[in-house]
Number of protein chains: 2
Amino acid sequence: MNQHASHKPDYEKELRRAGVRITRPRRVILGILTETDDHPDAMEIFQRASAVDSSISLSTVYRTMKLLEELGAIHRHAFEGGRARFEQADGDHHDHLIDIDTGDVIEFHSDRIEALQEEIARALGYDIVHHRLELYGRKRRKS
Amino acid sequence: MNQHASHKPDYEKELRRAGVRITRPRRVILGILTETDDHPDAMEIFQRASAVDSSISLSTVYRTMKLLEELGAIHRHAFEGGRARFEQADGDHHDHLIDIDTGDVIEFHSDRIEALQEEIARALGYDIVHHRLELYGRKRRKS
DNA sequence: AATGCAATTGCAAATCGTTTGCAATAAAAA
DNA sequence: TTTTTATTGCAAACGATTTGCAATTGCATT
Ligand SMILES: [Mn+2]
Ligand SMILES: [Mn+2]
Ligand SMILES: [Zn+2]
Ligand SMILES: [Zn+2]
């Protein structure tokens with residue numbers, strides 16, 4: 001069980017390889033994703049992008065996120081509540097603990113849990129394609 | 001790790017205790033929930049209810065599900081994709097494996113995983129309020 | 001059984017996050 | 001540069017769920 005720190009992927013190279021155009025809105029959005037290590041939603045990305053170039057639209061943010069997701073460059077999470085949240089896909093696999101009071105997202109990883117999941121699926125005659133493990137909790141009150 | 005079978009809760013008694021009225025639409029919906037052991041969504045419940053009483057509206061289905069959820073009588077799941085799915089809340093806790101080809105939902109439970117989750121949250125300084133563990137997989141091809 | 005009244009209903013319209021059609025714009029190939 | 005075509009912003013559409021409201025109904029009271 002341990003935390004993660006992600007580092008800078010070269011999204012532009014990925015996009016180029018995918019044969020799509022490097023536009024100004026995309027460059028701005030990629031910049032934001034690169035220098036972010038939390039789990040922003042589309043609206044947050046939109047606002048940060050607007051600060052750089054106020055002509056960028058929310059549609060373009062959504063379209064870009066979908067594109068990056070299809071390229072496997074980012075992950076989309078549907079935590080409880082409203083909007084989807086995104087994060088870079090470069091680091092190793094991890095799951096999330098969500099602070100239900102603040103909305104903070106804490107990353108963790110457990111080889112033991114991952115292995116048990118495999119074991120369970122296998123026993124049921126399945127291969128896991130992907131999974132979702134989310135803990136919703138609140139900071140322990142110093143008793 | 002094992003499967004579950006749920007059995008018939010007395011929703012009407014629960015409603016009565018909660019001080020709400022036992023109306024015809026509610027009775028129909030409760031009947032459907034009682035005799036169902038899968039994880040239907042609101043639309044499915046609505047259709048089954050319509051078959052009994054075609055005047056029941058989808059709004060009422062949603063309102064009733066929300067009511068039952070607040071009473072703790074049912075659980076609402078937000079699996080991947082479209083609509084929320086519901087199930088009776090009486091049985092023991094379990095998690096779900098979703099067949100990504102058929103949409104089938106298979107229930108399982110692992111004390112080991114549950115314990116590990118607790119351990120992880122504790123190490124991070126949190127108390128788990130609830131969690132969500134969903135495995136998305138596909139039937140193993142008999143090699 | 002008839003009354004009174006608040007809770008519940010069906011309906012249509014609203015909401016929210018996300019997607020999409022389309023005409024205008026801008027990348028990048030020529 | 002010009003041409004070609006992907007990408008954009010905008011507004012409108014979307015799908016699931018919720019909500020306002022007037023009409024109805026459960027049910028506690030006579
Ligand atoms: Mn993460
Ligand atoms: Mn279940
Ligand atoms: Zn995991
Ligand atoms: Zn569990």
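These numbers were taken from a predicted model, which means no experiment stands behind them. Protein chains get the first letters and strands the later ones, always in sequence-line order, with residue 1 at the start of each.
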Any side-chain N or O of [X] less than 4.0 Å from the OP1 or OP2 oxygen of [N]?
{"X": "B:Thr23", "N": "C:dT9", "value": "yes"}
{"X": "A:Lys66", "N": "C:dT19", "value": "yes"}
{"X": "B:Arg83", "N": "D:dG15", "value": "no"}
{"X": "A:Arg24", "N": "D:dT8", "value": "no"}

Fill in: Side-chain-base donor-acceptor pair under 3.5 Å for B:Ser59 and C:dA13
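Under the 3.5 Å cut-off, the side chain and the base do not form any donor-acceptor pair.
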
Fill in: Given C:dT18, C:dA7, D:dC10, the nucleotide with the shortest approach to the side chain of A:Tyr62
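So the side chain of A:Tyr62 is nearest to C:dT18.
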
Donor-acceptor side-chain pairing of [X] and [Y] below 3.5 angstrom:
{"X": "A:Glu114", "Y": "A:His93", "value": "yes"}
{"X": "A:Asp92", "Y": "A:His94", "value": "no"}
{"X": "A:Glu69", "Y": "A:His75", "value": "no"}

Discussion item. Do the side chains of A:Asp127 and B:Arg138 get close enough for a salt bridge, i.e. N-O under 4.0 angstrom?
Written reply: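 Salt bridge flag = no for B:Arg138 with A:Asp127.
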
Practice prompt. Pick base, sugar-phosphate or nothing for A:Arg21, based on heavy-atom distances below 4.0 Å to the nucleic acid.
Written response: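 Answer is base: heavy atoms of A:Arg21 come under 4.0 Å of a base.
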
Discussion item. Under 4.0 Å, heavy atoms only, any strand: does B:Arg63 hit a base, just the sugar-phosphate, or nothing?
Written reply: base

Worksheet item: Could you state the CZ-P distance from A:Arg26 to D:dA6, rounded to the nearest angstrom?
Response: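 The distance from CZ of A:Arg26 to P of D:dA6 comes to 11 Å, rounded to the nearest Å.
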
Practice prompt. Return the 5'-most residue of the pair B:Met43, A:Ile56 with respect to DNA chain D, ranking by each residue's nearest nucleotide.
Written response: A:Ile56

Fill in: B:Ile22 vs A:Leu67, nearer the 5' end of DNA chain D by closest nucleotide
A:Leu67

